[in-house]
Amino acid sequence: MHKKRSVFSLCLIFLFFTLIRAAAADSGTDTKRYLPLVIHIAPTPTPTPVPTPTTIPTPNPELPPQYSTSLYMKTVNPNTLFSLGCEYGEKDQLSAGTQDNVVFLAFGKPTMNDGIYGASLFGFGPASTDEIAEAIKQFGAGYRACLGDDAFSHLRVAVGTSNYGDPELVSWWDHGRKWARMVNDINKYFVDQGYFTWVDAVGASDMELAWNSPSVTRLWVEGYDYANKYPLYNFGAAEGCPTRLAPQWQCASPWTKEDVWYISFGSGASYPMPLIYATNGVNARQWAWLSVYAVEQHGAPMNFKGAFTQFQACQQRGGCDLLDNTPEQGWQQLYDELKFDERTKQHLAWSTDIKWWGE
Amino acid sequence: MVGGIMMNKMPHRNLLLVIVSLVIVFSMLSSQEIAIAFQMPGTATPAPVAENIEALEIRNLEQMLDGDDLDEITRKALEEKLNMARTVINERTITAASWSARAESILPPARQYNEKPFPEGVFEGGEGFISSSEAYIHNRWQKTIEDGFIQVFAGFSAKNPLQGVLYIAETSADRMDTKIQAVYPGEQDGGFRIVEADDGVLILESQNMLYCFDVLQRQFVCVVN
């Protein structure tokens, strides 16, 4: 009888131990294990890495990730941004499993007024880099505050401007440098406040070939790269650039493939998370072909962070005939095109879709 | 008698066995695992999924750097990207280890914020307010109105450079709602540019003509060849 009890006790203990270890098993890495916060285990399978010389290995078939909503901003009101961050935090907390997203907050074109650098807020500004930094800090605080006891979800905030503007009116190199310092400052705040595990910031720019020259855009990227500690995401399109179906096309003059590659990946700071809006898939083909160019001319493909679409903005304002890919379509188009050439095939971690704040 | 003593000692023996086993189990777990399991306040809580994304990025970059075909500029760029990814993981670890604030203690800013006055007048460019896939904007006029703001963007259609177009955007005072209306002239004479604004009437020029546009009426009130 007592022997049975002893055996039963031992069994219970080992069951407890086994449960702890099993529940703590993470999604594929062999480095860390966590105790039974089972509700926070990632809902989607993490790709199992298989060594290849170039890209992240991909599970087959890979499905589009849950998309995030990015925003064109017309305000830097810290109270508004705190509430906005809180909305994202609440959403992640209430969503099943661990969330990991990127959200772009776009503040308009670069500005320089009386030596103060900033962004235009699409005609409602300008807002200085200090004001934008404060807004993003509050956004991050709001996110963390409303994430509550969700210990594992994570949000990356891409603080966006663009290459739109007069080449003469802004000191582009210096503006890029200031933007990088602003991102450094935001992240220092997140580290100091203890938020960095859940929220961090990177720089971002909607670099459109029609909006400025390659020389001006490169200057801005070089300025950013001079001072940055954190990456820069390009969320522009590659207008006119060739594709596997139209290799004779030329990027919108005076841009070259080399210019687009440099601002998107060739600079040490840059990563592409390009706008894939055309429903006929041409944006995806252009970026995939640029990645083939990168392999052939520079020896490595471009690492894409994901796909960027404008479906919700099109729903708000209309006028996007055949340019309104859903986030799933945009991600799938880019993924499939990159897969077309074994050398550029890769995992795409993120998907985001932009709309106008408040509308 | 002996049997009775044995009967009393057995539960103690079981208890001892349980305690010893628990000590063994917990000694095999890290302090972090124990802390997380019991939701201890102020416990460092890492983010495994995000860390996986950065870890995959690091592994990917390391593999790319092993490539023999890399040119010098790419190698330098990849090394910088690798350093950035490592910085993020390091700072995340530092934050997780030192974090003591509770989410409920994070409060919104206490001070009131007053928006800056809305810039008024004629300005170059369209600020990206209108998608470049839709139109190329030369310039815009904007003004505060009674219940918000109005902007008029002048340019030409992205699909047809001969087709001039105006976009009138009316935004609410809280900046949260914008309604946009496109207005096209009857003629195709190239893109519009605002040359003058006078009391709600804009003077526009195209390639060969001048137009007067009444913003409130949303219509052209004169055309001069």
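A, B, ... follow the sequence lines: proteins, then strands. Residue 1 opens every chain. What you see is a predicted model, and the numbers here were worked out from it, not measured in a lab.
When the candidates B/Asn114, B/Asp66, B/Asp69 are compared by the number of heavy-atom contacts under 4.5 Å with chain A, B/Asp69 comes out ahead. Counting heavy-atom pairs closer than 4.5 Å to chain A, the top residue among B/Thr87, B/Asn83, B/Val88, B/Ile130 is B/Val88. Interface summary for chain B: among A/Ala269, A/Ala210, A/Ala349, the most heavy-atom pairs under 4.5 angstrom belong to A/Ala269. Contact tally against chain A (heavy-atom pairs below 4.5 Å) for B/Asp177, B/Leu107, B/Asp174: the top residue is B/Leu107. Note: A/Pro231 leads A/Gly148, A/Ala106, A/Pro231 in heavy-atom pairs under 4.5 Å with chain B. Between chain B and the residues A/Ser162, A/Gly108, A/Gly89, A/Ala141, the most heavy-atom pairs under 4.5 angstrom are made by A/Ala141. If you tally non-hydrogen atom pairs under 4.5 Å between each of A/Asp225, A/Leu147, A/Asp206 and chain B, the highest count goes to A/Asp225. Note: A/Tyr230 leads A/Phe190, A/Tyr277, A/Tyr262, A/Tyr230 in heavy-atom pairs under 4.5 Å with chain B. Most heavy-atom pairs under 4.5 Å with chain B: of the set A/Glu208, A/Arg156, A/Gln310, this distinction falls to A/Arg156.
Only the side chain of B/Thr171 comes within contact range of chain A, with at least one heavy atom under 4.5 Å from a heavy atom of that chain. With a threshold of 4.5 angstrom between heavy atoms, B/Glu124 approaches chain A through N, CA, C or O but not through any side-chain atom.
At least one donor-acceptor pair under 3.5 Å links the side chain of B/Lys81 to the backbone N or O of A/Ser270. Under a 3.5 Å cut-off, the side chain of A/Asn79 and the backbone N or O of B/Arg111 do form a donor-acceptor pair. Between the side chain of B/Lys116 and the backbone N or O of A/Pro126, at least one donor-acceptor pair lies under 3.5 Å. Side chain of A/Thr197 to backbone of B/Arg92: a donor-acceptor contact under 3.5 angstrom is found. When atom types are taken as modelled, the side chain of B/Gln142 and the backbone of A/Gly123 share a donor-acceptor pair closer than 3.5 angstrom.
To the nearest 0.5 Å, the span separating OG1 on B/Thr178 from OH on A/Tyr72 amounts to 13.5 Å. Rounding to the nearest 0.5 Å gives a distance of 12.5 Å between CD1 of B/Ile73 and CD of A/Gln297. Between the CG atom in A/Leu121 and the CD atom in B/Glu115 there is a gap of 8.0 Å [rounded to 0.5 Å]. The CZ atom of A/Phe196 lies 9.5 Å from the CD1 atom of B/Ile94; values are rounded to the nearest 0.5 Å.
Minimum heavy-atom separation, B/Ala77 to A/Gly266: CB-O, 3.2 Å. Annotation for B/Gly126 and A/Tyr164: closest pair N-OH, 2.5 Å, computed over non-hydrogen atoms.
Remark: B/Arg175 fails to qualify as a cation-pi partner of A/Phe122 under the 6.0 Å distance and 45° angle criteria applied to the six-membered ring. In this structure, A/Lys74 forms no cation-pi arrangement with B/Phe129, as its terminal cationic atom is not both closer than 6.0 Å to the ring centre and no more than 45° off the ring axis.
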Show, in sequence, the C-alpha distance, side-chain angles and deciding distance for B/Glu134 and A/Leu323, and conclude whether the side-chain contact (heavy atoms from CB on, under 4.5 Å) test is met.
CA-CA 10 Å; B/Glu134 213 176 323; A/Leu323 299 174; over 6 Å; no
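For B/Glu57 and A/Lys305, the salt-bridge test passes: some basic side-chain N is under 4.0 Å from an acidic carboxylate O.
With no hydrogens or angles considered, no side-chain donor-acceptor pair links A/Glu134 and B/Tyr113 at under 3.5 Å.
Using a 4.5 Å cut-off on side-chain heavy atoms (C-beta onward), B/Met64 and A/Pro301 make contact. A 4.5 Å side-chain heavy-atom check between A/Asn303 and B/Leu61 finds at least one atom pair inside the cut-off.
In this structure, the side chain to side chain contact (heavy atoms under 4.5 Å, CB included) partners of A/Gln316, at least two apart in sequence or on a different chain, are A/Ala313, A/Lys355, A/Trp356, A/Glu359.
When each of B/Thr74, B/Leu78, B/Leu70 is paired with A/His298, the side chain to side chain contact (heavy atoms under 4.5 Å, CB included) condition holds for B/Thr74 and for no other.
Residues of residues 148-169 of chain B lying within less than 4.5 angstrom of chain A, judged on heavy atoms, are B/Phe149, B/Gln151, B/Lys159 in numerical order.
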